[in-house]
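First comes the structure, then the notes that go with it.
Small disclaimer: the values here were computed from a predicted structure and weren't measured.
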Amino acid sequence: MADVSGLLGGRTNWRREFAAPLRAFLRTEAGSSGVLAAAIVVALLWANVAPGLYDEVWRTELSIGLGPDELGLDLREWINSGLMTLFFLVVGLEARREFDLGDLRDRSRLVLPMLAGVAGMVAPVLIYLAFNAGGPGGHGWGVAMSTDTALALGLLALVGRGVPDRVRVFLLTVFVVDDLLALIVIAVVYSENIQLMPLALAIGAFAVVLALSVFRVRKPWIYVVLGVLMWAALLRSGVDPVVAGLAIGLTAPAYSPGREELEEATGRFRLFREQPTPELARSATIGLTTTISPNERLQYLYHPWTSYLIVPLFGLANAGVTIDAAFLGRAFTSPITLGILLGYVVGKPVAVMTVSWLLDRVTRGRIRPIVGWAAVAGSGTIAGIGFTVSLLIATIAFEGPELAEAKVGLLSAVVVASALTWAVFRAAKLLSPPRKALALLGDAEQLVDLTDPVDPERDHIRGPETASVTLVEYGDFECPYCGIAEPVVRDLLQDDDLRYVWRHLPLSDVHPRAQIAAEVSEAAAAQGAFWEMHDLLLANQDKLQPQDLLGYAEQLGLDTDRLHDDVKRHVAAARVALDVESADTSGVSGTPTFFVNGQRHYGAYDLETLKQAIKVARARAKIAPRRG
């Protein structure tokens with residue numbers, strides 16, 4: 001047991017990572033924000049120490065030729081229009097994943113994010129135009145509209161320490177539409193000299209990608225060829241080719257691996273283990289690969305590269321601006337700088353809070369934020385950070401001094417928005433615990449992932465029935481990870497306001513004695529000794545042979561003949577099957593899997609992580625949901 005525990009570090013072996021849409025995204029973006037910030041600082045230092053060298057390096061021409069045809073761009077263009085396509089591919093994947101598996105799977109919850117996202121773009125643009133309409137900077141209104149969600153989430157992790165994950169999820173959910181609309185603006189407004197034939201070719205290539213996705217064609221090379229063709233056609237058409245990444249990302253469905261598919265993959269691997277031939281190796285590889293959704297595979301492949309290399313490289317290539325006292329004096333009186341700065345730090349929070357409040361009022365609470373009002377305000381202020389997409393638009397719309405002024409406005413907005421966000425969440429932390437919980441978590445009803453509610457007449461329960469928090473575990477008596485979780489659960493049960501429920505999920509394809517162990521525990525339950533048998537089975541996972549199981553029954557003083565007869569006739573098989581069915585309908589494919597007050601718990605199941613989840617659930621349970 002100790003070896004397994006050390007190997008996994010307290011994480012479930014088969015966690016359904018993409019059924020927790022945003023968790024891995026939040027972790028990656030929070031870590032990569034430091035790399036991006038460092039790249040921005042290096043760019044500023046480089047541009048001020050050696051401005052000539054900075055521009056010379058990024059204007060270096062790089063060409064690719066095939067026969068008489070040649071594609072030539074400078075290094076900055078290769079990054080902005082080439083590598084950034086992969087960044088927007090990830091944005092599209094995030095949007096599709098949230099739509100398939102996240103809060104937006106409840107389509108009614110799409111209304112607030114869409115309206116808040118649109119308002120959060122329109123308000124800053126109006127403020128920008130109030131400073132620049134009719135002037136030389138008027139054409140650059142698109143710079144003042146898009147939130148840099150990646151950088152915003154990263155800085156939120158720094159200035160909003162202790163803020164519940166749900167606040168970060170709300171931020172990303174609201175501004176998923178932001179990136180989509182920004183890309184449309186780039187394609188429609190900031191693309192010039194549109195060539196219809198290449199554009200039609202790009203649309204045709206995308207139609208083929210869409211059809212292949214619908215029919216679940218799993219040939220990666222086909223998508224790569226079509227993606228490159230689409231990118232090249234858009235580049236030739238005059239439309240910024242980063243749109244290709246977004247469009248392809250939106251076609252990649254996200255779904256969780258089913259238990260039947262996992263069992264089939266296990267069978268293929270066993271065949272390969274018995275006869276390791278190239279044919280069976282290929283079959284096993286395909287079996288394993290097909291259990292994972294295209295969305296997850298692409299995320300796994302591209303997300304680290306975009307977060308830790310491409311976006312920081314983009315910042316390094318574009319954030320450099322030569323700064324001196326005279327320039328700063330001009331910049332902070334420039335309508336371009338002021339329009340961008342005030343558009344972000346005033347327009348964004350005002351739009352998010354106003355739309356959320358109006359929807360709550362107009363619909364009488366039927367449509368309202370999934371978090372509290374302090375969290376809404378903090379999400380609005382941190383949304384005042386615009387960098388990646390905004391800087392991309394700035395490089396298209398401006399040049400020379402105007403581009404430098406736009407960069408100053410964007411960088412200043414990052415500083416001011418971060419400070420405002422810190423102030424909002426600092427004020428929330430000073431409230432009393434009940435008020436703080438309401439301010440951060442809100443009183444909206446939450447989506448429930450557990451399809452079958454706890455039934456005291458059927459379920460095996462430890463702890464008081466009136467507890468405010470219920471922890472449900474789907475487990476397997478032969479699963480070593482369930483054995484690792486058992487002492488953690490015992491520690492948690494010292495909490496007298498916690499109710500714990502065990503449900504069976506024997507993974508018979510990998511644990512051949514799990515099913516009989518489950519039926520033995522139910523036979524013991526018929527004699528009033530479920531929990532005693534439960535504890536013995538988890539304590540002796542490597543000793544689950546029939547003679548061992550009868551020995552445990554004898555040790556507990558049970559009627560061994562009756563227990564043997566019940567197991568032989570599979571009296572409890574239907575009871576175990578009910579738990580397995582509830583696991584399937586709740587999207588559970590591995591063990592142990594925990595639900596806290598009906599919501600799936602993802603990732604680590606160490607003591608501190610579960611305690612924190614229970615703490616948040618308890619605070620949320622004390623807030624009475626407000627009905628529409």
- Message: For Asp495, run the salt bridge (Lys or Arg N to Asp or Glu O under 4.0 Å) check against Arg618, Lys615, Arg462 and tell me which one passes.
- Response: Arg618
- Query: Do Ile516 and Leu544 have side chains that get closer than 4.5 Å, going by heavy atoms?
  - Reply: no
- Message: Testing the basics here: between Phe87 and Val311, what is the closest heavy-atom pair and its distance to 0.1 Å?
- Response: CD1-CG2, 3.2 Å
- Message: Under the criterion salt bridge (Lys or Arg N to Asp or Glu O under 4.0 Å), I'd like the reasoning laid out for Asp561 against Lys568: C-alpha separation, chi angles, the key distance, then a yes or no.
- Response: CA-CA 10 Å; Asp561 291 335; Lys568 184 177 180 179; over 6 Å; no
- Task: For the pair Tyr500 and Trp531, name the ring-plane relationship: parallel under 30°, tilted 30 to 60°, perpendicular over 60°.
- Result: tilted
- Nearest non-hydrogen partners of Pro512 and Val510, listed with the distance: CD-O, 3.5 Å
- State, yes or no, whether a side-chain contact exists between Asp452 and Ser586 at a heavy-atom distance under 4.5 Å. no
- Message: If the threshold is 4.0 Å, N to carboxylate O, is there a salt bridge linking Asp491 and Lys611?
- Response: no
- Would you say the side-chain atoms of Thr451 and Thr585 include a donor-acceptor pair closer than 3.5 Å? yes
- Between CG on residue Leu549 and NE2 on residue His564, distance to nearest 0.5 Å: 10.5 Å
- Query: Would you call Arg513-Asp542 a salt bridge at under 4.0 Å N-O?
  - Reply: no
- Query: Can you tell me if Glu519 and His504 form a side-chain donor-acceptor pair at under 3.5 Å?
  - Reply: no
- Message: Can you tell me if Gln547 has over 12 outside heavy atoms packed within less than 6.0 Å of its CD?
- Response: yes
- So, are Glu94 and Arg97 salt-bridged, with charged N and O less than 4.0 Å apart? yes
- Query: Relative to the ring of Phe530, is the ring of His534 parallel (under 30°), tilted (30 to 60°) or perpendicular (over 60°)?
  - Reply: tilted
